[in-house]
Asks: 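Please see the structure below; I have some questions.
Throughout, a chain's letter reflects where its sequence line sits, starting with A, and its residues are numbered from 1. Please read these numbers as outputs of a predicted model, since none were measured by experiment. Only this structure's heavy atoms are used, side chains among them; waters, hydrogens and symmetry mates stay out.
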There are 2 protein chains.
Amino acid sequence: MRLRRNTARPGGTDPRHATALERFARLLAEKDLRLTKARAAIVEAALSRNGHFPIDDLVQDLRRRGIRGSKATVYRALPLLTEAGILQPAVAQGDARRYEAAFGRDHHDHLVCRGCGKVVEFEYEAIEILQREVAARHGFTLEAHQHQLFGRCEACRAQADAGVAPRRPLSAN
Amino acid sequence: MRLRRNTARPGGTDPRHATALERFARLLAEKDLRLTKARAAIVEAALSRNGHFPIDDLVQDLRRRGIRGSKATVYRALPLLTEAGILQPAVAQGDARRYEAAFGRDHHDHLVCRGCGKVVEFEYEAIEILQREVAARHGFTLEAHQHQLFGRCEACRAQADAGVAPRRPLSAN
DNA sequence: CTTCATGCAAAAGATTTGCAAGTTC
DNA sequence: GAACTTGCAAATCTTTTGCATGAAG
């Protein structure tokens, strides 16, 4: 559980974005697909987001940036971004489909409180190592992972002990 | 990675189901809700399923068992089953919303091949222990978890090395 | 220029909700 | 009996598709 570095910069010149775009371009080339303005803008928007986000947020982002983003285009691009390892599906407790950046960030997984919905991010190198071991044992190369722990935070436990029913059953971020 | 015990029985007398029902009843009581036939049947159906399943499968199951199951009723019950810790949301790579039993089964997590969609279940005690440690460190009591590893299986890697584009990009179970 | 990508709008699915009628406590 | 549930159908939301028009290589 070490601290997370933060290399993000405001503009569109984030080196992380550039690298991701390259990677994306490579995937597209392999598939005889084109790196269009729209697709590049989607990568940009995706990497600029923090944490989990619903698909529609990307559509809104594009609109805001002047690109007449179309829902359909975003939906069509998502599987490509995922395959390129730039995005990764993420869900926390029944919410609608969400994604999160999977590239250029340190890994971070989630600990979700079932009582109040609070989400804590964590990183644990030892777990990452064991994951690689599991993958290797099955002949897999590990590319990504998703790991969520569900439980009760201290506050919600105290509340329960006091005989009070917890508030919002589920509404994780 | 030990073997999974299998205590499931065909009929409706599975002791696991009985315990789950009790737990469910307790939750309902707390909330001044009623344990109706429909809700009990949904618990039963949910626990009888193996692995991940789409919501509609539960609806079909009810129909099959003679209960004139209604989609709406199932949808309305799902958050309750989740809160009771009987079901748990599960998604593998962009598929539609799915659930899986979270009660009375040994933990099992998934290793998914991004090339061909193959899914391998795994269990790794060491990881479970570390998870508990992470939760404890943040003051959480761990109730459940979801852990998925994504990568490439041996076959798909060989295929890629041979310069062939992999088949179905994503369609994990 | 040929092929692939985009937008729009329509289609398909998935989930939620209103309400009269049926159940549970 | 009163309060909570259910089913159905209609309303919403989300995601996918068809197709004519606009870019990319």
Asks: Roughly how far, to the nearest 0.5 Å, is the CD atom of B:Gln88 from the CD atom of A:Gln148?
Replies: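 These two atoms lie 9.0 Å from each other.
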Asks: Within residues 34-43 of chain B, which residues have any heavy atom lying less than 4.0 Å from an atom of DNA chain C?
Replies: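 Correct list: B:Arg34, B:Lys37.
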Asks: Flag the pair B:Lys31 and B:Glu83 as a salt bridge only when some basic side-chain nitrogen lies within less than 4.0 angstrom of an acidic carboxylate oxygen.
Replies: yes
Asks: Starting at CG of A:Asp32 and ending at P of D:dA23, how long is that distance when rounded to a whole Å?
Replies: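 For the pair A:Asp32 CG and D:dA23 P, the rounded distance is 22 Å.
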Asks: How long is the line joining CD of A:Gln60 and P of D:dT14, in whole Å?
Replies: 11 Å
Asks: Can you measure A:Leu78 atom CG to C:dT6 atom P for me and round it to whole angstrom units?
Replies: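 Distance, rounded to whole Å: 12 Å.
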Asks: Go through it in stages, so that I can follow the logic: the residues are B:Tyr99 and B:Thr82, the test is side-chain contact (heavy atoms from CB on, under 4.5 Å), and I'd like the CA-CA distance, side-chain angles, deciding distance and then a yes or no.
Replies: CA-CA 9 Å; B:Tyr99 279 83; B:Thr82 306; 3.6 Å; yes
Asks: Return yes if some donor-acceptor pair links the side-chain N/O of B:Arg23 with the main-chain N/O of B:Ala84 below 3.5 Å, else return no.
Replies: yes
Asks: With a distance cut-off below 6.0 Å to the six-membered ring centre and an angular limit of 45° from the axis, does A:Arg137 pair with B:Tyr124 as a cation-pi contact?
Replies: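 That pair qualifies as a cation-pi contact.
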Asks: For B:Leu62 and D:dT5, what is the distance between atoms CG and P respectively, to the nearest whole Å?
Replies: 17 Å
Asks: Measure the distance from CG on B:Leu80 to P on D:dC4 and round it to the nearest whole Å.
Replies: 14 Å
Asks: Please check if any side-chain donor atom of A:Asp109 sits under 3.5 Å from a side-chain acceptor atom of A:His145, or the reverse.
Replies: yes
Asks: Is the shortest distance from a Lys or Arg side-chain nitrogen in A:Glu44 or A:Arg64 to a carboxylate oxygen in the other one below 4.0 Å?
Replies: no
Asks: Collect all protein-nucleotide pairs involving nucleotides 16-19 of chain D in which both atoms are nitrogen or oxygen and the distance is under 3.5 Å.
Replies:
none

Asks: Rounding to an integer number of Å, can you tell me how far B:Arg63 CZ sits from D:dC8 P?
Replies: 7 Å
Asks: Are B:Ser70 and D:dC8 close enough that a side-chain N or O sits under 4.0 Å from OP1 or OP2?
Replies: no
Asks: Provide, to the nearest angstrom, the distance between the CG atom belonging to B:Leu28 and the P atom belonging to C:dT23.
Replies: 19 Å
Asks: Report the distance from atom CG of B:Asp56 to atom P of C:dG13, rounded to the nearest whole Å.
Replies: 12 Å
Asks: Quick check against the 3.5 Å criterion: does B:Arg16 have a side-chain atom that pairs as donor or acceptor with the backbone of B:Leu47?
Replies: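 Indeed, once roles are kept as given, a pair shorter than 3.5 Å links the two residues.
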Asks: Could you tell me whether B:His110 and B:His52 have their ring centroids closer than 6.0 angstrom?
Replies: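 Yes, they do, as the ring centres are separated by less than 6.0 Å.
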